[in-house]
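Each remark here refers to the structure printed beneath this line.
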Protein chains: 2
Amino acid sequence: MSEPHILIVDDARDIREPLATYLKSQGFRVSLAASAADGRAAVEDGAVSLVVLDVMMPGENGLSLCRWLTARGGPPTILLTAMADEADRIVGLELGADDYVVKPFNPRELLARIRAVLRRVPQMAATQPAGRRRFAGFLHDADARTLTRGGGEPVALTSAENRLLCVLLDRPGQVLTRDQLLDLTAGREAKPYDRAIDNQVSRLRRKLGEDPRMPAIIVTEWGGGYRLAAEVVAEGDT
Amino acid sequence: MSEPHILIVDDARDIREPLATYLKSQGFRVSLAASAADGRAAVEDGAVSLVVLDVMMPGENGLSLCRWLTARGGPPTILLTAMADEADRIVGLELGADDYVVKPFNPRELLARIRAVLRRVPQMAATQPAGRRRFAGFLHDADARTLTRGGGEPVALTSAENRLLCVLLDRPGQVLTRDQLLDLTAGREAKPYDRAIDNQVSRLRRKLGEDPRMPAIIVTEWGGGYRLAAEVVAEGDT
DNA sequence: ACGAGTTTGTCGCAATCTGTCGCAAACGCC
DNA sequence: GGCGTTTGCGACAGATTGCGACAAACTCGT
């Protein structure tokens with residue numbers, strides 16, 4: 001379908017550009033950003049599979065962007081740095097980085113590490129953020145916020161329902177905790193006894209026409225969270 | 001939820017044992033193996049979350065075990081080696097290793113890398129083998145968590161029942177002790193007088209419509225554990 | 001700005017899930 | 001058969017979830 005999309009965030013053009021050329025030659029799609037802020041924007045635009053991130057940059061620190069990515073459950077991160085200090089490596093990894101490569105680096109090693117990380121990441125984690133997708137006999141249009149049964153009449157979704165469904169469709173089969181869902185759909189932390197997600201799930205299930213006895217599309221993992229149990233395929237224009 | 005289970009495969013006791021002690025002190029469950037063959041056996045027993053694997057060992061090579069793990073979709077691997085050669089690192093990573101640490105290593109860095117890898121492989125073991133399988137006249141859908149008798153109406157399984165059934169279906173004919181089942185389904189150790197598994201089996205048997213006098217699908221091995229006595233065939237999509 | 005209609009979060013109770021306990025039944029051994 | 005051990009499973013309790021009802025927040029037309 002599509003090659004993985006790598007975002008390189010580094011203020012030094014003489015690192016950024018040769019690396020981009022090399023990765024493109026290896027079949028990746030590559031985007032560039034010269035600052036943490038640009039990198040953040042690029043990630044929010046969507047469809048980034050992995051971020052290669054320089055730690056030392058003027059302005060916002062690379063580590064802080066890394067932490068932000070981790071907290072959001074965003075794409076995986078490989079940190080890049082001139083510092084060989086072991087303590088820095090450990091801090092980086094503990095912050096949520098998936099790997100840590102020291103400059104100067106052999107591009108082939110970085111490539112191998114990129115592949116190793118991507119191999120382990122549920123590939124759907126960073127696909128298209130929107131569009132039309134088909135699942136379990138439904139067609140979901142994220143832009144129009146509608147849900148159409150195989151046959152006919154479209155059902156309107158509220159914006160919260162639409163966000164929840166998008167998040168689930170982005171990660172089919174993956175169990176998401178209430179905390180993650182809250183963060184991803186509303187961008188907020190859970191209060192004590194927060195049942196907002198349970199309700200959204202309940203409402204969405206109803207619109208999906210689920211059997212309350214036996215939900216087959218949005219499945220509850222007891223003590224864990226929720227999971228989408230359906231195959232999802234992106235839909236082109238019709 | 002449950003501590004991850006690390007398997008250390010290294011022929012050198014003076015590496016293996018201090019490392020095991022350290023990882024245990026950090027809250028992991030740890031198993032040891034002194035050869036690739038032992039390591040393979042330990043993985044097949046199940047419930048290993050991650051393998052730390054020495055490359056240089058007498059007898060079977062660590063790389064060959066690594067390749068076997070990858071091919072099998074087994075747990076992630078971190079290679080450990082005395083060789084600092086970049087080419088070796090790249091080969092290791094391309095073989096399917098998730099990370100590569102050079103001896104002598106700082107245990108804290110290895111720990112951070114273990115955590116980094118585990119972070120990206122959440123409940124892979126629990127959710128991985130999903131799909132539909134047919135056995136003893138039933139069709140089990142691990143994703144939707146349903147059980148359908150040859151003819152008709154599907155029965156809903158709970159999370160725990162589904163996990164137990166998946167574990168049994170993964171190993172038809174093999175006797176699994178309560179300890180193994182607990183580990184594989186709940187990722188925890190048995191307490192004294194722990195009868196949780198007996199109960200799950202009992203509940204699952206009821207949903208399978210077993211004759212209490214003489215269970216024919218999930219068989220009790222007296223003094224041993226339980227065993228699935230049925231042929232299992234994977235089911236394609238229909 | 002105001003008010004009607006929608007959407008979304010909070011509360012509370014009923015239902016469900018899962019581990020623990022206890023006792024009777026089943027088993028292996030002498 | 002007697003006896004200690006192991007297993008089956010009903011009953012129970014604590015935790016978790018489903019969801020109806022209500023209220024707060026928001027949307028929009030006027």
Side-chain angles (χ1 to χ4, degrees), chain A residues 145-147 155-167 175-179 181-227, chain B residues 1-2 126 145-147 155-167 175-179 181-227 229:
Chain A
R145 284 185 7 200
T146 59
L147 199 52
V155 179
L157 296 175
T158 69
S159 85
E161 287 161 357
N162 190 56
R163 279 197 303 274
L164 175 58
L165 185 53
C166 281
V167 166
V175 179
L176 295 162
T177 64
R178 281 161 235 275
D179 286 336
L181 289 169
L182 254 183
D183 187 15
L184 290 165
T185 60
R188 67 181 179 84
E189 298 286 317
K191 310 176 180 179
Y193 303 104
D194 198 321
R195 310 292 307 285
I197 290 296
D198 301 57
N199 266 299
Q200 290 301 343
V201 169
S202 179
R203 286 163 179 152
L204 188 49
R205 275 176 174 158
R206 197 173 316 159
K207 289 200 178 173
L208 287 166
E210 296 248 50
D211 174 359
R213 295 273 164 203
M214 201 177 99
I217 304 177
I218 302 178
V219 176
T220 307
E221 287 294 330
W222 205 89
Y226 297 95
R227 170 171 66 81
Chain B
M1 195 186 307
S2 69
R145 269 175 26 193
T146 58
L147 200 52
V155 179
L157 296 175
T158 68
S159 300
E161 288 160 358
N162 190 57
R163 280 196 302 273
L164 175 58
L165 185 53
C166 280
V167 166
V175 179
L176 294 160
T177 65
R178 279 161 238 275
D179 285 335
L181 289 169
L182 252 184
D183 195 351
L184 291 164
T185 59
R188 67 182 179 84
E189 299 286 336
K191 308 177 180 179
Y193 304 104
D194 198 321
R195 310 293 306 287
I197 290 297
D198 300 57
N199 262 301
Q200 289 302 343
V201 169
S202 177
R203 286 163 178 151
L204 189 49
R205 275 175 173 159
R206 197 173 314 159
K207 289 200 178 172
L208 287 166
E210 296 248 49
D211 174 3
R213 301 281 169 206
M214 190 188 162
I217 304 177
I218 302 179
V219 177
T220 306
E221 290 292 328
W222 209 87
Y226 297 96
R227 174 171 62 83

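Order of the sequence lines fixes the chain letters, A, B, ..., with proteins taken first and strands second; residue numbering starts at 1 for each chain. Not measured: the values here are computed from a predicted model.
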Does any donor-acceptor pair link the side chain of Asn199(A) with the base of dT10(C) at a separation under 3.5 Å? yes
Just how far is it from atom CG of Asp179(A) to atom CD of Glu189(A), taken to the nearest 0.5 Å? 7.0 Å
Can you check side-chain contact (heavy atoms from CB on, under 4.5 Å) on Asp194(A) and Arg188(A), steps first, answer last? CA-CA 11 Å; Asp194(A) 198 321; Arg188(A) 67 181 179 84; 3.0 Å; yes
Between dG12(C) (P) and Asp198(A) (CG): distance, integer Å: 16 Å
Counting the atoms with a prime plus P, OP1 and OP2 as sugar-phosphate, which does Arg163(A) contact under 4.0 Å by heavy atoms, base, sugar-phosphate, or nothing? nothing
Would you say dG19(C) has OP1 or OP2 under 4.0 Å from some side-chain N or O of Lys191(B)? no
What integer distance in Å separates Tyr193(B):OH from dC21(C):P? 11 Å
Among side-chain atoms of Thr220(B) and Arg205(B), is any donor-acceptor pair under 3.5 angstrom? yes
Whichever of Glu221(B) and Pro215(A) has the more 5' nearest nucleotide on DNA chain D, that residue is Glu221(B)
Between dT10(C) (C1') and Arg188(A) (CZ): distance, integer Å: 10 Å
Going 5' to 3' on DNA chain D, which nucleotide is the first and which the last to come under 4.0 Å of a heavy atom in chain B? dT5(D) to dA11(D)
Hey, is the side chain of Thr158(B) poking within less than 4.0 Å of OP1 or OP2 on dT16(C), counting only N and O atoms? no
Is Arg195(B) paired with Asp198(B) through a side-chain N to carboxylate O contact shorter than 4.0 Å? yes
CG-CD1 distance between Leu176(B) and Ile218(B), expressed to the nearest 0.5 angstrom: 11.0 Å
Once you round it to whole Å, what is the distance between C1' of dC17(C) and CD of Gln200(B)? 9 Å
Provide, to the nearest angstrom, the distance between the CZ atom belonging to Arg178(A) and the C1' atom belonging to dT10(C). 15 Å
Round to the nearest Å and state the distance from Glu161(A) atom CD to dT7(C) atom P. 8 Å
Spacing of Leu204(A) atom CG relative to dT7(C) atom C1', expressed in whole Å: 14 Å
What nucleotide, of dT18(C), dT8(C), dC11(C), holds the atom closest to the side chain of Arg203(A)? dT8(C)
Nearest-angstrom distance from the residue atom CE of Met214(B) to P of dA26(C): 14 Å
Rounded to the nearest 0.5 Å, what separation is found between the CG atom of Asn199(A) and the CG atom of Leu204(A)? 12.0 Å
Apply the test side-chain contact (heavy atoms from CB on, under 4.5 Å) to residues Tyr226(B) and Leu181(B): give CA-CA distance (whole Å), side-chain angles for both, the deciding distance (0.1 Å), then the verdict. CA-CA 9 Å; Tyr226(B) 297 96; Leu181(B) 289 169; 4.0 Å; yes
